[in-house]
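One is the number of the first residue; the rest follow in order along the sequence. Every value quoted in this text rests on a predicted model; they were computed, and no experiment measured them.
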Amino acid sequence: MKVYNTLTRKKEEFKPLVPGQISMYVCGPTVYNYIHIGNARSAIAFDTIRRYFEYKGYKVKYVSNFTDVDDKMINEARAEGTTVPKLAEKFINAFLEDTTALNIEPATLHPRATHEINEIINFVKVLIDKGYAYEVDGDVYYRARKFKHYGELSDQNIEQLEEGASEHINDEEQNRKEDPIDFALWKAQKEPDEIAWDSPWGKGRPGWHIECSVMSTKYLGDTIDIHGGGQDLEFPHHENEIAQSEAKTGKKFVNYWLHNGFVTVGKDQEKMSKSLHNFVTVHDILKEVDPQVLRFFMASVQYRRQINYSEENLKQAATILDRFKNTLTNIDYRLDDNTASEKSSELVKAIEDTDQKFIAAMDDDFNVQNALTAVYDLLSVVNANANSKKADKDALKQFEEKLTAWLLIFGVDTNKLCAQNTGSNDDEIEALVKKRDEARANKDWATSDQLRDQLKEMGITIQDTPQGTRWTRD
């Protein structure tokens with residue numbers, strides 16, 4: 001199995017630290033608003049990766065944090081006339097509600113920055129003692145230049161970083177720092193109403209980057225298998241995590257860095273973000289879009305590739321899901337009839353070949369498009385057998401189990417998917433279908449056609465098959 005490591009910029013053979021087990025840390029949201037599709041992309045991408053590891057039999061310890069204190073949290077709490085903890089609680093609950101709707105597995109742990117203050121302070125103390133950090137007027141900064149590998153993850157040199165940093169910091173902060181590229185580990189309280197904690201450097205709060213280093217090493221160990229997040233986190237967030245963590249522990253922080261691509265919108269495929277005010281929240285989308293369709297759409301693009309969010313692409317995902325659903329319905333109908341079963345070597349081989357193609361594609365840096373294409377190409381063979389006079393019911397059952405497991409990797413629950421075919425008026429529909437069958441048996445074609453039209457008005461499509469009459473909802 002190979003994964004693309006951002007640090008080395010190449011695909012590498014994946015070897016976990018402990019055979020059969022995987023430690024995985026994924027940066028979670030800053031909880032000051034509902035998550036938008038860009039945030040959801042990361043959560044879905046790494047949930048899909050996690051699910052594939054579990055499909056292969058790995059035990060995954062998956063940690064994803066909540067950033068529940070920072071400048072954005074403080075500003076939004078002021079704007080809403082509430083406190084930072086209350087704001088955080090509101091949007092953590094909203095995040096869990098939205099991700100549950102998208103069938104994203106809960107993390108093994110969801111630590112919060114505000115719950116780790118003592119650990120953060122102790123971590124910063126060690127960095128100061130080792131000469132990697134310094135205090136100025138209650139602020140604590142990390143000496144980025146002292147860490148010799150700084151800039152390697154984002155493939156930038158110190159001169160580039162220094163030039164970029166000089167353009168983004170004000171004169172007051174510049175005067176406090178020893179170097180423009182140094183970054184904050186601890187921030188002194190600036191206003192009396194700011195949330196703050198006591199520390200050796202006075203009242204203040206953690207910087208953004210330090211929390212993930214603390215949580216990752218505390219809950220997963222000094223070295224972990226996989227660290228994930230969006231491409232926008234490569235610098236400065238993940239770059240700073242490496243510098244902090246390795247300076248403290250003296251060990252390699254992460255073996256494999258995985259970053260997901262952006263979500264774009266519109267014809268110009270502009271990156272979706274809150275700062276550009278072009279984002280759509282999952283909370284709003286789920287009022288109009290089937291959660292399984294949204295989940296499948298997002299999961300069906302390889303994690304490193306860009307996704308263009310559009311109604312057209314959502315409709316295409318819905319069409320593919322309908323094809324899967326119809327195939328499963330077709331199989332269930334055939335498995336329930338009383339016809340004989342006849343072994344089909346062609347179908348058995350096709351399922352085996354698809355299974356191999358699926359695993360080969362997913363083992364190649366989670367190439368979900370190729371994996372799904374292999375499965376989709378198999379549907380015509382499966383449906384042809386299901387509609388034949390003597391279907392291979394054992395093979396159809398095997399495929400149904402395989403497809404259920406495959407789609408679950410993408411967060412699609414086939415029970416929920418196929419449950420959409422049921423309704424409160426099923427008994428009424430069955431009675432009308434039975435009347436139509438009786439009319440056909442009596443060659444009363446006028447009544448048969450009338451009943452077909454009546455069912456059509458109810459949103460029901462009738463199929464006359466060699467095994468009997470079938471009906472499905474439109």
Side-chain angles (χ1 to χ4, degrees), residues 25 27 30 65 67 69-71 74 111-154 156-162 164-166 168-190 194-224 227 233-254:
Y25 187 95
C27 291
T30 301
N65 70 304
T67 297
V69 60
D70 81 338
D71 292 336
I74 292 169
R112 307 184 189 186
T114 59
H115 293 182
E116 310 292 341
I117 297 299
N118 289 336
E119 287 80 0
I120 289 170
I121 289 172
N122 290 332
F123 199 114
V124 174
K125 281 181 182 177
V126 173
L127 292 175
I128 291 175
D129 291 343
K130 287 191 168 188
Y132 280 95
Y134 57 96
E135 182 264 340
V136 180
D137 299 330
D139 292 327
V140 180
Y141 294 101
Y142 183 93
R143 292 187 172 99
R145 201 180 295 267
K146 184 176 174 64
F147 184 70
K148 65 180 180 179
H149 298 295
Y150 197 71
E152 286 185 5
L153 179 69
S154 53
Q156 300 181 77
N157 59 45
I158 292 294
E159 288 70 28
Q160 289 174 317
L161 295 172
E162 185 172 8
S166 299
H168 291 95
I169 59 176
N170 57 44
D171 291 340
E172 182 184 350
E173 187 177 8
Q174 177 62 57
N175 291 334
R176 287 201 303 274
K177 288 184 176 184
E178 293 178 356
D179 192 312
I181 66 172
D182 293 350
F183 57 88
L185 300 173
W186 186 264
K187 294 185 175 184
Q189 185 183 42
K190 300 297 188 293
E194 279 186 8
I195 186 170
W197 291 264
D198 290 326
S199 80
W201 320 287
K203 277 191 170 292
R205 59 184 171 81
W208 173 35
H209 314 296
I210 192 68
E211 65 182 90
C212 288
S213 287
V214 170
M215 295 177 193
S216 178
T217 54
K218 177 180 177 180
Y219 294 110
L220 295 175
D222 291 344
T223 303
I224 66 173
H227 195 314
L233 297 182
E234 287 180 30
F235 186 86
H237 188 51
H238 290 166
E239 196 77 70
N240 293 350
E241 279 190 63
I242 293 173
Q244 296 163 164
S245 303
E246 296 190 3
K248 178 182 181 290
T249 68
K251 301 174 185 177
K252 186 175 183 179
F253 179 39
V254 174

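Side chains of Glu116 and Tyr219: a donor on one and an acceptor on the other come within 3.5 Å.
Interatomic distance, OH of Tyr25 versus OG1 of Thr217, reported as 9.5 Å (0.5 Å rounding). In this structure, the separation between CD1 on Ile181 and CZ on Arg145 is 4.5 Å, given to the nearest 0.5 Å. Remark: Trp186 CH2 to Ile128 CD1 distance equals 11.0 Å, nearest 0.5 Å. Rounding to the nearest 0.5 angstrom, the gap separating the CD atom in Glu119 from the OG atom in Ser213 is 13.5 Å. Of the inter-residue distances, the one linking Ile158 atom CD1 with Gln156 atom CD reads 9.5 Å to the nearest 0.5 angstrom. Separating the NZ atom in Lys203 from the CG atom in Asp198 is a distance of 4.0 Å, to the nearest 0.5 Å.
The side chain to side chain contact (heavy atoms under 4.5 Å, CB included) test with Ile210 singles out one residue from Val140, Ile120, Ile121, Asn240, and that residue is Ile120.
The pair Lys146-Asp182 does not count as a salt bridge, with every side-chain nitrogen at least 4.0 angstrom from each carboxylate oxygen. Between Asp137 and Arg176 there is no salt bridge, since none of the side-chain N atoms of the basic residue sits less than 4.0 Å from a carboxylate O of the acidic one.
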request  = Dump the intermediate steps for side chain to side chain contact (heavy atoms under 4.5 Å, CB included) on Glu178 and Tyr141, then the final yes or no.
outcome  = CA-CA 9 Å; Glu178 293 178 356; Tyr141 294 101; over 6 Å; no

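Gln189 contributes a side-chain N or O that, together with a main-chain N or O of Glu194, makes up a donor-acceptor pair within less than 3.5 Å. The backbone N or O of Ser154 sits nowhere less than 3.5 Å from a side-chain atom of Glu234 that would complete a donor-acceptor pair. The main-chain N or O of Thr67 is never found under 3.5 Å from a side-chain atom of Thr30 such that the two would form a donor-acceptor pair. Under a 3.5 Å cut-off, the side chain of Glu239 and the backbone N or O of Gly151 do form a donor-acceptor pair. Checked by atom type and distance alone, the side chain of Lys187 never pairs as donor or acceptor with a backbone atom of Leu185 at under 3.5 Å.
Closest approach of Arg143 to Gly131, counting heavy atoms only: NH1-O, 3.0 Å. For the pair Ser216 and Phe253, the tightest heavy-atom approach, listed with the atom from each and the gap, is OG-CE1, 3.6 Å. Contact record, Ala247 with Tyr142: CB-OH, 3.4 Å, taken as the closest heavy-atom pair. Residues His227 and Glu241 come closest through the heavy atom pair NE2-OE1, 2.8 Å. Shown here for Arg205 and Trp197, the closest heavy-atom pair between the two residues is CB-CZ3, 3.9 Å. Across all their heavy atoms, Cys27 and Cys212 have their closest contact at SG-SG, 3.9 Å.
Aromatic ring pairs are classed by plane angle as parallel below 30°, tilted from 30° to 60° and perpendicular above 60°; the pair His209 and His237 is tilted.
Under the 4.5 Å side-chain criterion, counting only non-hydrogen atoms from C-beta, Ile242 is not in contact with Val254. Residues Phe183 and Gln244 have side chains in contact (heavy-atom distance under 4.5 Å, counting atoms from C-beta outward).
In this structure, Lys248 satisfies the cation-pi test against Phe123, with its NZ or CZ atom closer than 6.0 Å to the six-membered ring centre and inside 45 degrees of the ring normal.
The 12-atom threshold is not exceeded at NZ of Lys251, counting heavy atoms of other residues, nucleotides or ligands nearer than 6.0 Å.
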